[in-house]
Peer 1: 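Dropping the structure in here first, questions after.
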Amino acid sequence: MKKYVPVEEGDYYLSPEGYRVFTEQYHLKRGYCCESGCRHCPYGYNKKTNRQE
C-alpha cells in the first residue's frame with residue numbers, strides 16, 4: 001500500500017499555466033517513481049523508453 005505524503009512548502013510550484021509541478025524534494029519524500037514522466041523526477045525515469053536510467 002502506498003503511503004500518504006503530506007504536501008509541504010517547497011514540494012511544488014505552480015507553472016505559468018496554473019498546474020502544480022512537484023519538485024525533486026517531494027519525489028524523494030514520496031520514495032518511489034510513479035512512471036508519469038515528471039519534470040523533476042530524481043529516479044531517472046524516461047517516459048519515451050519506459051525505463052529508469
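Along the sequence shown, the residues carry numbers beginning at 1. It should be emphasised that the depicted structure is a prediction, and the values quoted were computed from it without experimental measurement.
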Peer 1: Specify the closest pair of heavy atoms between Cys33 and Gln52, including all atoms of both residues, with the distance to one decimal.
Peer 2: CB-NE2, 3.1 Å

Peer 1: Please name the pair of heavy atoms, one in Glu53 and one in Thr49, separated by the smallest distance, quoted to 0.1 Å.
Peer 2: OE2-OG1, 3.1 Å

Peer 1: Between His27 and Tyr45, is the ring centre distance below 6.0 Å?
Peer 2: no

Peer 1: Test side chain to side chain donor-acceptor pair (under 3.5 Å) on Gln25 and Thr23; report intermediate values, then the result.
Peer 2: CA-CA 5 Å; Gln25 170 184 309; Thr23 62; 5.1 Å; no

Peer 1: Where do His40 and Phe22 come nearest, in terms of heavy atoms and distance?
Peer 2: CD2-O, 3.3 Å

Peer 1: For Pro6 versus Lys29, what's the shortest heavy-atom pair and its separation?
Peer 2: O-NZ, 3.8 Å

Peer 1: Taking atom OH of Tyr32 as the centre, does the number of heavy atoms from other residues, nucleotides or ligands within less than 6.0 Å exceed 12?
Peer 2: yes

Peer 1: Under 6.0 Å from the ring centre and within 45 degrees of the ring axis: does the NZ or CZ of Arg30 meet both conditions for the six-membered ring of Tyr26?
Peer 2: no

